[in-house]
2 protein chains.
Amino acid sequence: MWGVMRSFAHITPWIVNKDMSQASVQSQTRADEAFDCLQTAIVKGELAPGERIGEVELCARFDLTRGPLREALGRLESRGLLVRRPHAGVKVVSVSADELVELYRIRELMEGLAARQAAERMTDEEIADLQATLDSHEAMINQAHGQAYYQEEGDYDFHHRIATGSRNAKLAQMLLGDLYYMVRMYRYRLSTSVGRPHKALNEHRRIVEAIAQRDGELAEFLMKRHISAARRNVEKNIADGLMSF
Amino acid sequence: MWGVMRSFAHITPWIVNKDMSQASVQSQTRADEAFDCLQTAIVKGELAPGERIGEVELCARFDLTRGPLREALGRLESRGLLVRRPHAGVKVVSVSADELVELYRIRELMEGLAARQAAERMTDEEIADLQATLDSHEAMINQAHGQAYYQEEGDYDFHHRIATGSRNAKLAQMLLGDLYYMVRMYRYRLSTSVGRPHKALNEHRRIVEAIAQRDGELAEFLMKRHISAARRNVEKNIADGLMSF
DNA sequence: ACACCCCACATTGTCAACAATCCACGACAA
DNA sequence: TTGTCGTGGATTGTTGACAATGTGGGGTGT
């Protein structure tokens, strides 16, 4: 009892569970539901960054009352996805290009640590699962249709497993609860142009190899280089004006 | 307008402002007030970790109603200081010894990055301020009375300035909003025994020297070593059974 | 004596009305 | 025309009552 599983229940909506046929897993409380709805709406860009939104409008949109909604707004503000000013409303946070790059710098360090600890602590079964997952990712990429979307999903699935595999609760919480949503929010904008799927998959494979060999240092190095490459890719996209800020 | 200052207003209660004569700065809203009260209560150990506490009890204690209180609880849960289970109540998070050490591992990386970026981005004025602050810290330490308490305050002041000086919003948010409160919560238990004040002050001085010389790499290295030493100190205290878990 | 089940109670989640605050619009003066 | 001030309206913050759910204690059967 009193486990921390619930803390992670609402930060893993992108994992393909056995039964996701229902419109999202029935959150145990309405505030959780509101939290999930708002978070996904923000991440998917349905709520544009910088846009001011009223509480009643959100209530009508997601069919809830203001009580649970306010609780969800509080959580999202605390998590940095919203900016709130007393008596003035709430607006979606708008991250500048520089701040987005800084996000990748933080990820570089934290995911490097996660990879190192995952190499030391993941079970053999988890590693086998991870390798199998990469196989299915490859199959998805090789299918032409929906390539970009599934590549994204696979990418997040991979990083998610590494984070949880680190057995470092706070690290996983920060990565899965804060950073990934931020990054994801801005990746949705260039989902088609981002693609370097095969290259990324290769890097994933080499990281998993290092983990399978329990070589923490190598896993950390490869992961840091992987994120670093992603960061440079983003910087290039910004320089080319592919992203609007 | 719409700045992020409010986001940081409630995570800097330990900074000695000009006018703190009033019982804490009048938060703009009751939910913020509840958030501050609960956070400081948790950090100071007035609410014991693992203890289950009822909402009504908290309402009576801090003289609020359940609405704002629930919003504050939501924020604290999202920040990892509370564990909440639907219809079952809320209890203060209890961090194991291992998790506390992991916290220091994360700090090591993030504060290292903060120090490097601070060396690149702090203004000359901020650096001069920081040096002056260290002088006053030294004066405090040399006074026998209240040594441990003021050393703690000075330590947090130092790290706070480095974090904000990095000009990395997310990094500062994570350090000031998440990690420091966790660490602080567990340091309150061994406030008298932790002391390695002069050694720590020396390390602070050398870090600031590196920052003043705009040597980011050196600042990062020294900061990582500083946190690493603190971590080893904590590990020793845990091994000696000075901390109760 | 021990384990299991059921129910009343206490506690939490939710709702709708009330009060406090900000902001945009318009009037007025320079 | 432009800048400032004041007010109406809309929006947010807060409150107390109502509904839903988990928990602990008493009872019963083995």
Side-chain angles (χ1 to χ4, degrees), chain A residues 1-7 9-10 24-39 42 47-48 50-78 81-93, chain B residues 1-7 9-10 24-39 42 47-48 50-78 81-93:
Chain A
M1 64 185 282
W2 280 106
V4 292
M5 293 319 296
R6 181 168 168 276
S7 306
H10 50 70
S24 179
V25 62
Q26 288 274 2
S27 295
Q28 291 181 323
T29 180
R30 300 229 11 170
D32 290 337
E33 197 180 338
F35 184 80
D36 288 346
C37 289
L38 279 174
Q39 191 161 40
I42 291 172
L47 271 56
E51 181 186 346
R52 185 195 165 282
I53 38 185
E55 291 185 1
V56 287
E57 184 186 333
L58 290 177
C59 290
R61 187 161 177 171
F62 298 110
D63 190 36
L64 357 119
T65 45
R66 285 182 54 215
L69 182 90
R70 284 181 62 80
E71 198 177 317
L73 289 177
R75 288 197 232 172
L76 288 170
E77 183 199 15
S78 180
L81 283 172
L82 292 180
V83 180
R84 226 168 157 192
R85 221 172 31 156
H87 299 280
V90 48
K91 73 168 196 171
V92 181
V93 72
Chain B
M1 64 187 286
W2 281 107
V4 292
M5 294 318 297
R6 179 168 169 276
S7 305
H10 51 71
S24 178
V25 62
Q26 288 274 1
S27 296
Q28 291 179 325
T29 178
R30 303 263 305 187
D32 290 338
E33 197 180 339
F35 184 81
D36 288 345
C37 288
L38 280 174
Q39 191 161 40
I42 291 172
L47 272 56
E51 182 186 345
R52 185 193 165 282
I53 38 185
E55 291 185 1
V56 287
E57 185 186 333
L58 290 177
C59 289
R61 187 162 178 171
F62 298 110
D63 192 35
L64 324 144
T65 45
R66 283 182 55 216
L69 181 90
R70 284 181 60 80
E71 197 177 318
L73 289 178
R75 287 197 233 173
L76 288 170
E77 183 199 14
S78 181
L81 283 171
L82 292 180
V83 179
R84 227 170 156 188
R85 219 169 36 152
H87 300 278
V90 48
K91 72 169 198 173
V92 181
V93 71

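Note on naming: letters A, B, ... go to the chains in the order of the sequence lines (proteins, then strands), and numbering restarts at 1 for each one. Everything numeric in this text was worked out from a predicted model, so none of it was measured.
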Between B:Leu58 and B:Leu38, is any pair of side-chain heavy atoms under 4.5 Å apart?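 Of all side-chain heavy-atom pairs linking B:Leu38 with B:Leu58, at least one is under 4.5 Å.
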Can you tell if the side chain of B:Gln39 reaches within under 4.5 Å of the side chain of B:Leu76, non-hydrogen atoms only?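 In contact.
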For residues 63-72 of chain B, which residue pairs pass the salt bridge (Lys or Arg N to Asp or Glu O under 4.0 Å) check, not counting sequence neighbours?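 Passing the test, one end in residues 63-72 of chain B: A:Arg70-B:Glu71, A:Glu71-B:Arg70, A:Arg84-B:Glu71, B:Glu55-B:Arg66, B:Glu55-B:Arg70, B:Glu71-B:Arg75.
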Rounded to the nearest Å, what distance is computed from the [atom1] atom of residue [X] to the [atom2] atom of nucleotide [N]?
X: A:Glu33; N: C:dT14; atom1: CD; atom2: C1'; result: 13 Å
X: A:Arg75; N: C:dG13; atom1: CZ; atom2: P; result: 10 Å
X: A:Glu55; N: C:dA20; atom1: CD; atom2: C1'; result: 14 Å
X: B:Gln28; N: C:dA20; atom1: CD; atom2: P; result: 18 Å
X: B:Arg85; N: C:dG13; atom1: CZ; atom2: P; result: 11 Å

Quick check for you: to the nearest 0.5 Å, what is the distance between [X] atom [atom1] and [Y] atom [atom2]?
X: A:Leu73; Y: A:Leu82; atom1: CG; atom2: CG; result: 6.0 Å
X: B:Glu51; Y: B:Ile42; atom1: CD; atom2: CD1; result: 10.5 Å
X: A:Glu33; Y: A:Gln28; atom1: CD; atom2: CD; result: 12.0 Å
X: A:Cys59; Y: A:Leu64; atom1: SG; atom2: CG; result: 6.0 Å
X: A:Phe35; Y: A:Leu81; atom1: CZ; atom2: CG; result: 7.5 Å

With the threshold set at under 4.0 Å for non-hydrogen atoms, list the residues of residues 64-74 of chain A touching DNA chain D in residue-number order. A:Arg66, A:Arg70
Does any N or O in the side chain of B:Arg61 come within less than 3.5 Å of the main-chain N or O of B:Val56, such that one atom is a donor and the other an acceptor?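 No.
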D:dT11, D:dT14, C:dG13: which one has an atom nearest the side-chain heavy atoms of B:Arg84?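 Nearest listed nucleotide: C:dG13.
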Polar-atom pairs under 3.5 Å, protein N or O versus N or O of nucleotides 19-21 of chain D: list them with distances, or write none.
from   : atom 1 : to      : atom 2 : distance (Å)
D:dT21 : O4'    : B:His87 : ND1    : 3.3

B:Arg52 side chain near C:dT12 phosphate (N/O to OP1/OP2, under 4.0 Å):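 Yes, such a contact exists.
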Using OP1 and OP2 only, check whether a side-chain N or O of A:Thr29 sits under 4.0 Å from C:dT14. yes
